[in-house]
Trainee: 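What follows is a single structure, and I will ask about it in a moment.
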Amino acid sequence: MLRQVLHRGLGTSFSRLGHFVASHPVFFASAPVLISILLGASFSRYQVEESVEHLLAPTHSLAKIERNLVDSLFPVNRSKHRLYSDLQTPGRYGRVIITSFRKANMLDQHHTDLILKVTAADSAL
(Lines give C-alpha, C1' and ligand atoms only; values in the text may rest on other atoms or scores of the structure.)
Protein backbone atom coordinates (compact mmCIF):
# COMPACT_ATOMS: atom_id res chain seq x y z
CA MET A 1 0.00 0.00 0.00
CA LEU A 2 2.72 2.47 1.03
CA ARG A 3 4.80 1.44 -1.99
CA GLN A 4 1.96 2.21 -4.39
CA VAL A 5 1.35 5.64 -2.82
CA LEU A 6 5.04 6.53 -3.05
CA HIS A 7 5.26 5.21 -6.61
CA ARG A 8 2.22 7.22 -7.72
CA GLY A 9 3.38 10.41 -5.94
CA LEU A 10 6.91 10.25 -7.30
CA GLY A 11 5.64 9.39 -10.78
CA THR A 12 3.37 12.43 -10.87
CA SER A 13 6.06 14.74 -9.47
CA PHE A 14 8.67 13.67 -12.00
CA SER A 15 6.11 13.81 -14.80
CA ARG A 16 5.34 17.45 -13.95
CA LEU A 17 9.05 18.25 -13.67
CA GLY A 18 9.73 16.68 -17.06
CA HIS A 19 6.86 18.62 -18.62
CA PHE A 20 8.21 21.88 -17.11
CA VAL A 21 11.74 21.22 -18.39
CA ALA A 22 10.43 20.31 -21.84
CA SER A 23 8.32 23.46 -22.03
CA HIS A 24 11.34 25.73 -21.20
CA PRO A 25 14.24 24.22 -23.19
CA VAL A 26 16.15 27.49 -23.76
CA PHE A 27 16.43 28.21 -20.04
CA PHE A 28 17.53 24.69 -19.09
CA ALA A 29 20.04 24.56 -21.95
CA SER A 30 21.61 28.00 -21.37
CA ALA A 31 21.54 28.28 -17.56
CA PRO A 32 24.23 25.61 -16.89
CA VAL A 33 26.49 27.15 -19.52
CA LEU A 34 26.14 30.65 -18.04
CA ILE A 35 26.70 29.41 -14.49
CA SER A 36 29.84 27.54 -15.61
CA ILE A 37 31.19 30.64 -17.36
CA LEU A 38 30.57 32.84 -14.31
CA LEU A 39 32.14 30.39 -11.89
CA GLY A 40 35.08 29.76 -14.23
CA ALA A 41 35.72 33.51 -14.61
CA SER A 42 36.08 33.84 -10.84
CA PHE A 43 39.20 31.64 -10.97
CA SER A 44 41.04 34.40 -12.83
CA ARG A 45 41.10 36.46 -9.61
CA TYR A 46 43.10 33.83 -7.67
CA GLN A 47 46.82 34.26 -7.18
CA VAL A 48 49.26 31.41 -6.61
CA GLU A 49 51.25 31.72 -3.39
CA GLU A 50 54.79 30.44 -3.92
CA SER A 51 56.23 31.16 -0.47
CA VAL A 52 56.24 27.99 1.60
CA GLU A 53 56.91 29.96 4.78
CA HIS A 54 53.85 32.13 4.21
CA LEU A 55 51.67 29.05 3.77
CA LEU A 56 52.94 26.96 6.69
CA ALA A 57 54.29 29.29 9.39
CA PRO A 58 52.12 31.60 11.51
CA THR A 59 52.37 35.33 10.80
CA HIS A 60 54.30 36.33 13.92
CA SER A 61 56.21 33.10 14.54
CA LEU A 62 59.71 33.04 15.95
CA ALA A 63 60.95 31.20 12.86
CA LYS A 64 59.89 34.05 10.55
CA ILE A 65 61.42 36.67 12.82
CA GLU A 66 64.71 34.77 12.95
CA ARG A 67 64.66 34.22 9.16
CA ASN A 68 64.23 37.98 8.60
CA LEU A 69 67.09 38.69 11.02
CA VAL A 70 69.43 36.23 9.28
CA ASP A 71 68.44 37.58 5.84
CA SER A 72 69.18 41.14 6.97
CA LEU A 73 72.55 40.24 8.50
CA PHE A 74 73.72 37.82 5.79
CA PRO A 75 72.22 38.80 2.41
CA VAL A 76 72.35 36.22 -0.37
CA ASN A 77 73.09 37.14 -3.98
CA ARG A 78 70.10 35.54 -5.71
CA SER A 79 70.88 36.81 -9.20
CA LYS A 80 73.35 34.00 -10.04
CA HIS A 81 73.55 30.27 -9.57
CA ARG A 82 69.84 29.56 -9.29
CA LEU A 83 69.42 25.84 -8.58
CA TYR A 84 66.28 23.77 -8.46
CA SER A 85 67.30 22.51 -5.03
CA ASP A 86 67.08 26.09 -3.72
CA LEU A 87 63.42 26.66 -4.54
CA GLN A 88 62.33 26.92 -0.87
CA THR A 89 64.98 29.20 0.60
CA PRO A 90 68.21 29.86 -1.31
CA GLY A 91 71.59 29.95 0.37
CA ARG A 92 73.25 28.91 3.64
CA TYR A 93 73.23 25.14 3.17
CA GLY A 94 76.00 22.61 3.49
CA ARG A 95 76.36 18.95 2.63
CA VAL A 96 78.58 16.44 4.39
CA ILE A 97 79.64 13.06 3.07
CA ILE A 98 81.15 10.74 5.66
CA THR A 99 83.18 7.75 4.49
CA SER A 100 85.32 5.16 6.20
CA PHE A 101 89.03 4.72 5.48
CA ARG A 102 88.88 0.93 5.65
CA LYS A 103 85.60 0.44 3.73
CA ALA A 104 83.88 -0.50 6.99
CA ASN A 105 80.20 -0.24 7.66
CA MET A 106 79.35 3.33 8.72
CA LEU A 107 76.22 2.14 10.54
CA ASP A 108 78.19 0.22 13.20
CA GLN A 109 77.74 1.48 16.74
CA HIS A 110 81.45 2.34 17.01
CA HIS A 111 81.37 4.58 13.92
CA THR A 112 78.10 6.19 14.93
CA ASP A 113 79.53 7.11 18.33
CA LEU A 114 82.63 8.60 16.67
CA ILE A 115 80.49 10.73 14.34
CA LEU A 116 78.37 11.96 17.25
CA LYS A 117 81.48 12.81 19.30
CA VAL A 118 82.98 14.80 16.43
CA THR A 119 79.69 16.59 15.84
CA ALA A 120 79.31 17.41 19.54
CA ALA A 121 82.90 18.71 19.68
CA ASP A 122 82.35 20.92 16.61
CA SER A 123 79.09 22.34 17.93
CA ALA A 124 80.75 23.17 21.27
CA LEU A 125 83.21 25.44 19.45
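What you see is a predicted model; the values in this text were computed from it and never measured. Throughout, residue positions are numbered sequentially from 1 according to the sequence presented.
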Trainee: Please round to the nearest 0.5 Å and tell me the distance separating atom NZ of K64 and atom CG of L69.
Mentor: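 Between atom NZ of K64 and atom CG of L69 there are 15.5 Å.
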Trainee: Would a single hydrophobic cluster contain both I35 and L38, if residues Ile, Leu, Val, Met, Phe, Trp and Tyr are joined by side-chain heavy-atom contacts under 4.5 Å?
Mentor: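 Unlinked, L38 and I35 end up in two clusters.
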Trainee: Output a table of donor-acceptor pairs, distance under 3.5 Å, between side-chain atoms of residues 5-21 and any protein atom two or more places apart or on a different chain; print 'none' if there are none.
Mentor:
from, atom 1, to, atom 2, distance (Å)
T12, OG1, R8, O, 2.4
T12, OG1, G9, O, 3.4
S13, OG, G9, O, 2.9

